[in-house]
*Asks:* 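My questions all concern the structure below.
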Amino acid sequence: MDSKETLLRIVLLTLLIYASVSIAAVGRELQTANAMESRLLTELDEQEEVNAALRQKLAGELNDEEIERLARERLGLVKPGEIIFYFCTDREE
């Protein structure tokens, strides 16, 4: 065996090891991406179910009691003649 042939074998072996390590790294990245895709698809399915339920709720008619409750809770509205009391809890003594 001459030195050129030995050098060629060393270079080829080095390239083979580098390629193997690179392929293994890409394989791990692919597994991570597949796991993330699976999680995201599950989240998407869950969110689509929530959206469908909200669409159904929007399509349905609200009765007067529900409208009043929503107006009070979300908009802070009151009926005429009602009195609002505000209580401060951050009082310095």
*Asks:* In the hydrophobic clustering that connects Ile, Leu, Val, Met, Phe, Trp and Tyr at side-chain heavy-atom distances below 4.5 Å, which members other than I23 occupy its cluster, ordered by chain and number?
*Replies:*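 Noted: I23 shares its cluster with no other residue.
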
*Asks:* For residues 62-83, tabulate all N or O donor-acceptor pairs below 3.5 Å that involve a side-chain atom, not counting sequence neighbours.
*Replies:*
unit_1, atom_1, unit_2, atom_2, d
N63, OD1, E65, N, 3.2
N63, OD1, E66, N, 2.7
E68, OE2, R72, NE, 3.1
E68, OE2, R72, NH2, 3.4
R69, NH1, E73, OE1, 3.1
R72, NH1, E82, OE1, 3.2
R72, NH2, E82, OE1, 3.3
R72, NH2, E82, OE2, 2.8
E82, OE1, K79, N, 2.8

*Asks:* Less than 3.5 Å apart, which donor and acceptor atoms pair up between the side chains of residues 11-21 and the rest of the protein, not counting sequence neighbours?
*Replies:*
unit_1, atom_1, unit_2, atom_2, d
T14, OG1, I10, O, 2.7
S20, OG, L16, O, 2.9

*Asks:* According to side-chain hydrogen bond (donor to acceptor under 3.5 Å, both in side chains), who are the partners of Q47, at least two apart in sequence or on a separate chain?
*Replies:* N51

*Asks:* Hydrophobic cluster mates of L58, side-chain heavy atoms under 4.5 angstrom, ILVMFWY only, any path?
*Replies:* none

*Asks:* Pairs under 3.5 angstrom only: tabulate donor-acceptor contacts from the side chains of residues 30-45 to other protein residues two or more places apart or in another chain.
*Replies:*
unit_1, atom_1, unit_2, atom_2, d
T32, OG1, R28, O, 3.0
N34, ND2, L30, O, 3.4
T42, OG1, S38, O, 3.0

